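Below: the structure, in structure tokens.
Quick note on labels: first sequence line is chain A, next is B, and so on, each numbered from 1. Since we're looking at a predicted model, the values are computed, not measured.
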Protein chains: 2
Amino acid sequence: MPTIVGGRYELDRMEVNLRRKGSFFTSLREDLRETFLPEEPFRRRPDEAECHWSTLMLKCLVPILEWGSKYNLTKFQCDLLAGFTVAVLAVPQGISYARLAYLHPVIGLYSSFIPPLIYAIFGTSTNVAVGNTAAVSLFLASAIGAEVSPVDRPELYTHLLFTAAFFTGLFQAALGIFRLGILVEFFSHSTITGFMGGTAVIVIMQQLKGMLGLKHFTTNTDLWRWESAALGTCLITMLLLNSHVSAKLRRLFWLPVLAPLLVVVLGGLFAYVVHAEDHGIPTVGTLNKGLNPLSVSLLKFESKYFKLLLKSAFVSGFLALSEGIAVGRSLASMKNEQIDGNKEMIAFGLMNVVGACFSCYLTTGPFSKSAVNFHAGSKTPFSNVVMSLSVMAVLLFLAPLFRYTPLVALSAIIIVAMLRLIDYEKVLRLWKVDKFDFLICIAAFFGVIVFSMTAGLLASVGLSTLRTLLYVARPSTCRLGNIAGTEMYCDGQQYPNSISYPDILILKLGSPIYFASSGYLRERIMRWIEEEETMQYLILDMGGVTSIDSDGIGMLVELHKHVERRGIKIVLTNPRIGVGEKLKVSKYVDLIGKERVFLSVKEAVDVCRDNLQQYSKEEV
Amino acid sequence: MPTIVGGRYELDRMEVNLRRKGSFFTSLREDLRETFLPEEPFRRRPDEAECHWSTLMLKCLVPILEWGSKYNLTKFQCDLLAGFTVAVLAVPQGISYARLAYLHPVIGLYSSFIPPLIYAIFGTSTNVAVGNTAAVSLFLASAIGAEVSPVDRPELYTHLLFTAAFFTGLFQAALGIFRLGILVEFFSHSTITGFMGGTAVIVIMQQLKGMLGLKHFTTNTDLWRWESAALGTCLITMLLLNSHVSAKLRRLFWLPVLAPLLVVVLGGLFAYVVHAEDHGIPTVGTLNKGLNPLSVSLLKFESKYFKLLLKSAFVSGFLALSEGIAVGRSLASMKNEQIDGNKEMIAFGLMNVVGACFSCYLTTGPFSKSAVNFHAGSKTPFSNVVMSLSVMAVLLFLAPLFRYTPLVALSAIIIVAMLRLIDYEKVLRLWKVDKFDFLICIAAFFGVIVFSMTAGLLASVGLSTLRTLLYVARPSTCRLGNIAGTEMYCDGQQYPNSISYPDILILKLGSPIYFASSGYLRERIMRWIEEEETMQYLILDMGGVTSIDSDGIGMLVELHKHVERRGIKIVLTNPRIGVGEKLKVSKYVDLIGKERVFLSVKEAVDVCRDNLQQYSKEEV
């Protein structure tokens, strides 16, 4: 049945809903929940319908209660195997990375004992295996080492590293508690790829230097120790061959896990037999038996180091979290599981705070160990307990045996591990798929190599943020045309055969219409209008606009005034829920007339064409 | 004609275009142009088709060549009247604002002489009248005054203010030359409203303090000068009455323009007659005749002040530009004209660089003078020349007469001008229309009052940027349903009566799918999938997605793997031009199958339902 609107007959129209259900506070709560609790941590699953809320809360905060209650023998067997396997890697890697951070090797072992126990209680990932990482070790060494030399004042330096872990832990836990996981999302994969690659290059160069006995690459006066270099080359070749073979033969997947320990054992035996120290092959040196000593009293809270520690904690906290969470996420997705980013942050934070009190430095969920844990079939975070207890056994009984380990063996382990971090295939893929992501990656890579780790990270994150801001400042707007034979209106540039009408200009506005983009949108729309000669209707398709602010509405008002003077009428289609409401509250809908708001472009075009025909008939 | 795809009969399909025309570099050039040259400054208008490109270029760089060639007597008469009118306001305002910046009053007059001449050559706005503004004067006084006291070292302080103007000019011109107008867009109207309001409150309190003869509000020992306060109160009342009357009676629009001069003249006469200085009413004091002295040699380029000057120039440059360009834009839109933001920046920059060499401090296009210029009917930037020459006449012949002007008269002018800047109606409107904009405005307002002008500005711009980043991090995604009787699919929350199918979940993805949002989108989509029991098809409507990066594609791949394990098929609809291309290059389209990409949701739903029916028939 035709209804009369503004003196003209029109078709029965679909009603456009401009109102949001509920008050301002309802929608504010909704928005805040989407921002900070996107995964609804407190929702009840069907099987928990009967539980008291306090039980649910406790289960939510201490995940071990959740999975612990369903633990069984099968899972235990799997975790046992996985835990042992990871421990085999944990020992040599712990010693190696501690040396990378200029710490006593035994601290690397300490760090594989206490933190995994804490993680097992609070962590949600069934795959993450806790330990140190090369990137964070190197970063801490360069950041703290710049102010307190690890060579001249080793004790103070070590205590500062404990304190840095303490602060980092507090920072990480705070991020998790205040649900700021959103911040970690600002490290893109492109940034991480570039950063890891750059770090790997630096670590490799540093280790090669050490292996060749050079202090500086440029001076010729350095002592060339051929024995050390020869042994190192042998061990690296062995490790590389090993990776190569295991990559070819899938069933030898355990080879690369065992390899580092093999290198340490073989290297140690060799050094013991030939009295390596006498031949210019330095070894790790004395490692005393015994568990982590308490280090609470050693933490340095003096104001002198406060700024340095806060700065280091900030960067290393983000670094550690982004590696740990990314690793947890990608492994979880392979098993079709979910991890909770904010809970993970709290778990990482707590394990570092506690670790720092027991002579551990910064730990996270490193890729290498976690991948091994995953492939060895871990079922719950209990595999971390198994690993931890294995490392404890080493600390209690086997530690002194590692004194003969040649330093070059550790270098070899580090170098081969780092080679895997240089993911040139991914960089190539970035170039192919997204040039801007490639730029972000390359900025991190060269920033780290040429300037510093912080500089590379900042440059890369800066570029990512710039991209985000540019996206908002230049929302892509296009001219629509009708796809023949359908009711669809699509981008005229994408579908050049689409049909446009001489009297009607249809624009699909980009989103969001914010202060940063309203100036641009005005210019862009004006230009389209200027290009048209005979235009009578300007249809703005708002279907893609999910947000608008008061400057955006101001721009629409200005546009309305501008086109009205030229006799052009503005028509809106499909305003979305929040946007339509604002257009109504700000009286913009009243300004252009409620009858000029339509649900679909098709409907709007039909009515406009109808009016134009009636008009031309009346003219005649 | 039905075609066979994947072994099933399907309807003839609309072809989806995934390819962009042209190479990577074509699209890069296109993107750069949209970002930095959105208004196409070098395009030829129809009447310029014959011109040589160098003529066009010159006209583009020196706008006076453009409008000068079309200048005529009618325009001249209008500009003459407008120029004189503005000059009447320029003289008292110049003196007042110079005092606000702790400068000698004559510098305010100098600043209304040289810069307008330069602006007339390079400016594009026909409405902007050049002069000092209260906000920038106050900011410079607080920023430079914090390091060099204007009371103890007035000469050095003055020279530093010239140098600050010089640096600001360079900075502004550079922004214009490098087409970075986009940066100024990051000051929203909400920020400006709050900032101006806060500044006005501070200025009013400061002036009241001066008027009452108080040094500090808290000490009682200050000298209470009742004469000064009484005169000030009279003059303020006069000015306010004046505004009130002219607001009521439209034809007295010239009253507020004349009022400040009237206040200065009456105040001066009064002071002369009663020998005000002897009764505790301080006056301006000696003003020598003569034009601007050269100040090139006075500019302080010493490294000692370099950092201070750069910092001040950065903030004041942005402040001055955002006021000048916003004023120019809003006045232009009332006349249906366009101004060119980047050219305006160059014009403002050049006038400040030249001004700084002739004893002028920072100028821009203030709202009060420009509005008067507009209402008095200026037609071209030539009205600035008229104003400039009028001020020159004052400098040459009338300056000494102003020596009797009581300082309270200047305070009264400033206070009344500032009252107009507190736009509480706009703040109320912001609260009603957009709560976040209200917050941005209030942050600037209280930031300026409680902390400092820079702090207020930073807090407000920070909040605006946060909003932008949050928009990108949490793109609004919704579940679509069919509006009965149409081919449209709309937000089920907005249209609760829309129809959904049990086996098919249709989601409209928010834009952009970037590193910052891909994690959230994954969680959000997974939650929707979990809620569904019998789902077989997941239709992702990409029509609103205007940009995607490699992390976003990674998320889609992960999602595909996840749902495939549950036997759910992903279907894409309407990928936009750049997005479709990336999905193709990254092999995502191959992964889900090219036959699962549709142009419209309707088509996708039809095919899915068709397949489901065939499947259930085969089951039977």
- request: Identify which of Ser600(A), Gly544(A), Gly519(A) forms the greatest number of heavy-atom pairs closer than 4.5 Å to chain B.
  value: Ser600(A)

statement: Max heavy-atom pairs within cutoff under 4.5 Å with chain A, candidates Lys432(B), Lys587(B), Arg576(B), goes to Arg576(B)

field: Validation row: Tyr514(B), Ser464(A) side chains within 4.5 angstrom (heavy atoms)
entry: no

- request: Heavy atoms only, distances under 4.5 angstrom: which of Arg522(B), Arg566(B), Lys602(B) has the most pairs with chain A? Name it, please.
  value: Arg522(B)

query: Can you say whether Lys584(A) sits under 4.5 Å from chain B via the side chain, the backbone, both, or neither, judging by heavy atoms?
result: neither

Part of Thr191(A) lying under 4.5 Å from any heavy atom of chain B: neither

task: Write down the atom of Asp551(B), the atom of Ser190(A), and the distance for their closest heavy-atom approach.
output: OD1-N, 4.2 Å

task: Pick one of side chain, backbone, both or neither for Lys435(A), based on which atoms fall under 4.5 Å of a heavy atom in chain B.
output: side chain

task: Carefully, step by step, assess Thr468(A) and Tyr471(B) under the rule side chain to side chain contact (heavy atoms under 4.5 Å, CB included).
output: CA-CA 10 Å; Thr468(A) 318; Tyr471(B) 173 83; over 6 Å; no

field: Interatomic distance, Leu599(A) atom CG to Gln494(B) atom CD [nearest 0.5 angstrom]
entry: 8.0 Å

Inter-chain contacts: residues 552-564 of chain B against chain A, heavy atoms under 4.5 Å: Ile553(B), Glu558(B), His562(B)

query: Any idea which of Pro512(B), Cys478(B), Cys490(B) has the most non-hydrogen atom pairs under 4.5 angstrom with chain A?
result: Pro512(B)

query: Is it the side chain or the backbone of Arg429(A) that comes within 4.5 Å of chain B heavy atoms, both, or neither?
result: neither

- request: Please state whether the side chain, the backbone, both or neither of Leu469(A) comes within less than 4.5 Å of a heavy atom of chain B.
  value: both

query: Backbone N or O of Asp340(A) within a donor-acceptor pair of the Glu523(B) side chain at under 3.5 Å?
result: no

- request: Starting at CZ of Phe515(B), measure out to CD1 of Ile192(A) and round the result to the nearest 0.5 Å.
  value: 11.5 Å

- prompt: If you look at every heavy atom in Ser550(B) and Asp434(A), which pair is closest and at what distance?
  reply: N-OD2, 4.0 Å

task: Mind checking side-chain hydrogen bond (donor to acceptor under 3.5 Å, both in side chains) for Thr573(B) and listing every partner two or more places apart, or none if nothing turns up?
output: Asp541(B)

- prompt: To the nearest 0.5 Å, what is the distance between CG (Asp437(B)) and NZ (Lys582(A))?
  reply: 7.0 Å

- request: Dump the intermediate steps for side chain to side chain contact (heavy atoms under 4.5 Å, CB included) on Thr486(A) and Glu603(B), then the final yes or no.
  value: CA-CA 10 Å; Thr486(A) 71; Glu603(B) 217 182 342; over 6 Å; no

Region of Asp549(A) that comes under 4.5 Å of a non-hydrogen atom in chain B: both

